[in-house]
Amino acid sequence: VAAAFRDDPSSERLLRSFVGKMERRYWGMYQACVKDILTNEPGFVRAVGAARMLGGEVVRFSMQLALNSGVFKQGIQQSVVSELMQSAVRTQEALYLYAQSLAEATGGSTSRTSVKRLYRILEKMALDPAVMAGKSAQPWDTARMMVVFDSMETLAAGVKQLRRDHQADKIKVVRVKERFTEPTDGGWSDILVNAVFPPGESGRGQLPFEIQLVHAQLLVIRKEMGGHQGYAKYRSAKEILEFLRQG
């Protein structure tokens with residue numbers, strides 16, 4: 001990839017132009033919603049505060065212990081990918097049941113989601129500088145769910161429930177991203193939590209999974225701007241630029 005862009009510098013300039021244009025577009029729409037609507041909702045401060053408190057309690061698990069079969073190194077082997085996908089399918093089913101119970105307990109909603117597609121997993125690994133340098137890397141979101149809330153108040157309740165479940169060892173949170181006050185480069189805001197299930201429960205391994213706690217208003221905007229397909233193009237272009245910068 002890097003060689004192709006070195007041979008044709010104009011391609012990189014076009015890519016940077018596209019990413020910049022999309023970031024300005026996404027940022028403007030998403031952050032207008034956050035600043036004009038969501039920050040004025042009664043639960044905004046509680047949701048942000050609860051996410052920060054949960055982040056402060058995070059146990060830093062070793063990713064080597066989390067799931068050896070999910071650790072990629074330079075030269076991704078077919079057997080490693082196969083084991084990862086099998087573990088992801090098992091974890092996804094357990095995660096679906098957990099997300100359902102979380103939504104029911106806190107006034108949110110969710111729907112069944114499939115594991116991340118193999119092509120996307122390999123794409124992320126191929127563009128990961130750590131993998132290219134021969135270091136280990138752990139996919140965080142091979143199994144993933146989204147819980148949607150109609151208000152910041154119920155979203156705050158969702159974060160607090162995650163914290164209680166973490167304290168009760170129902171799940172163990174390994175990473176928290178509070179993205180309402182620290183949005184992505186594209187302006188997207190949510191509470192993103194990576195966690196693992198405790199080992200030995202119903203055969204579930206310690207594959208890290210992802211739960212996004214999202215406000216419904218932001219999903220409406222995403223659909224109006226072309227939905228996931230439009231975002232996927234921007235995301236891939238952004239990852240290529242990051243790969244070139246670090247390479």
Side-chain angles (χ1 to χ4, degrees), residues 38 41-71 83-84 86-116 138-182 189-216 218-219:
L38 304 190
E41 290 193 8
F44 183 86
V45 173
R46 286 193 291 276
V48 170
R52 291 176 179 173
M53 289 182 69
L54 176 58
E57 296 179 8
V58 163
V59 176
R60 303 283 182 184
F61 284 101
S62 164
M63 288 296 99
Q64 289 284 352
L65 294 177
L67 182 68
N68 288 333
S69 63
V71 175
E83 289 176 24
L84 172 67
Q86 290 178 45
S87 183
V89 170
R90 292 193 298 269
T91 301
Q92 183 69 41
E93 185 59 29
L95 177 56
Y96 170 65
L97 297 175
Y98 174 75
Q100 271 193 320
S101 67
L102 175 66
E104 290 171 2
T106 58
S109 63
T110 192
S111 58
R112 186 177 289 275
T113 305
S114 61
V115 299
K116 185 178 286 292
Q138 172 67 56
W140 290 92
D141 59 350
T142 309
R144 70 272 172 87
M145 288 292 296
M146 178 184 289
V147 182
V148 182
F149 298 91
D150 290 331
S151 70
M152 291 302 296
E153 208 157 26
T154 51
L155 194 149
V159 180
K160 291 177 181 178
Q161 184 63 51
L162 280 172
R163 186 184 177 203
R164 286 192 290 270
D165 291 342
H166 169 76
Q167 293 171 335
D169 290 333
K170 188 173 182 180
I171 62 172
K172 296 306 295 184
V173 176
V174 297
R175 185 170 70 169
V176 178
K177 290 186 178 182
E178 183 280 292
R179 303 198 290 198
F180 283 101
T181 62
E182 298 181 26
S189 293
D190 62 10
I191 305 295
L192 186 148
V193 174
N194 294 107
V196 296
F197 289 114
E201 293 187 13
S202 304
R204 296 180 300 197
Q206 286 185 282
L207 176 70
F209 57 80
E210 176 184 282
I211 299 180
Q212 284 180 279
L213 280 65
V214 179
H215 196 290
L218 290 169
L219 281 183

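Quick caveat, the model's predicted, so the values are computed rather than measured. If you read the sequence from its start, that first residue is 1, and numbering goes on from there.
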To the closest 0.5 Å, what do you measure between OG1 (Thr154) and CG (Leu213)? 9.5 Å
Among side-chain atoms of Gln100 and Tyr96, is any donor-acceptor pair under 3.5 angstrom? yes
Examine distances only and state if a side-chain atom of Arg144 and a backbone atom of Gln92 form a donor-acceptor pair shorter than 3.5 Å. no
For Phe180 and Ser189 the tightest heavy-atom approach is CD2-CB, 3.7 Å
Nearest-0.5 Å distance that lies between atom OG1 in Thr142 and atom CD in Glu210: 10.0 Å
If you compare all heavy atoms of Gly43 against all heavy atoms of Ala156, which two are closest, and at what distance to 0.1 Å? O-CB, 4.0 Å
Passes side chain to side chain contact (heavy atoms under 4.5 Å, CB included), Glu178 versus Val159? Steps please. CA-CA 10 Å; Glu178 183 280 292; Val159 180; over 6 Å; no
Would you please say whether a donor-acceptor pair under 3.5 Å links the side chains of Arg164 and Gln161? yes
What's the separation between atom CG in Leu155 and atom NZ in Lys160, rounded to the nearest 0.5 Å? 11.5 Å
Is it true that a side-chain atom of Glu41 and a backbone atom of Met152 form a donor plus acceptor pair closer than 3.5 Å? yes
Shortest non-hydrogen contact from Ser109 to Ala103? N-CB, 3.9 Å
Is the backbone N or O of Gln212 less than 3.5 Å from a side-chain atom of Asp190, with the two atoms forming a donor-acceptor pair by type? no
Is there a donor-acceptor pair closer than 3.5 Å between any side-chain N or O of Lys172 and the backbone N or O of His166? yes
What are the two closest non-hydrogen atoms of Ala51 and Ile191, and how far apart are they? CB-CD1, 3.7 Å
Can you tell me how far the CZ atom of Phe197 sits from the CG atom of Asp165, to the nearest 0.5 Å? 10.0 Å
Please give me the minimum heavy-atom distance between Ser111 and Met145, naming the atom from each residue. O-CE, 3.1 Å
Could you give me the CA-CA distance, side-chain angles and deciding distance for Leu192 and Asp141, then say whether side chain to side chain contact (heavy atoms under 4.5 Å, CB included) is met? CA-CA 10 Å; Leu192 186 148; Asp141 59 350; over 6 Å; no
Which is it for Val115 and Phe209 under the side chain to side chain contact (heavy atoms under 4.5 Å, CB included) test, yes or no, and what are the steps along the way? CA-CA 10 Å; Val115 299; Phe209 57 80; over 6 Å; no
Rounded distance (nearest 0.5 Å) linking atom CZ of Arg163 with atom CG of Leu54: 7.5 Å
Atom pair CG/CD1 of Leu95 and Ile211 - distance to nearest 0.5 Å: 5.0 Å
Val173 versus Ala195, closest heavy-atom pair with distance: CA-CB, 3.8 Å
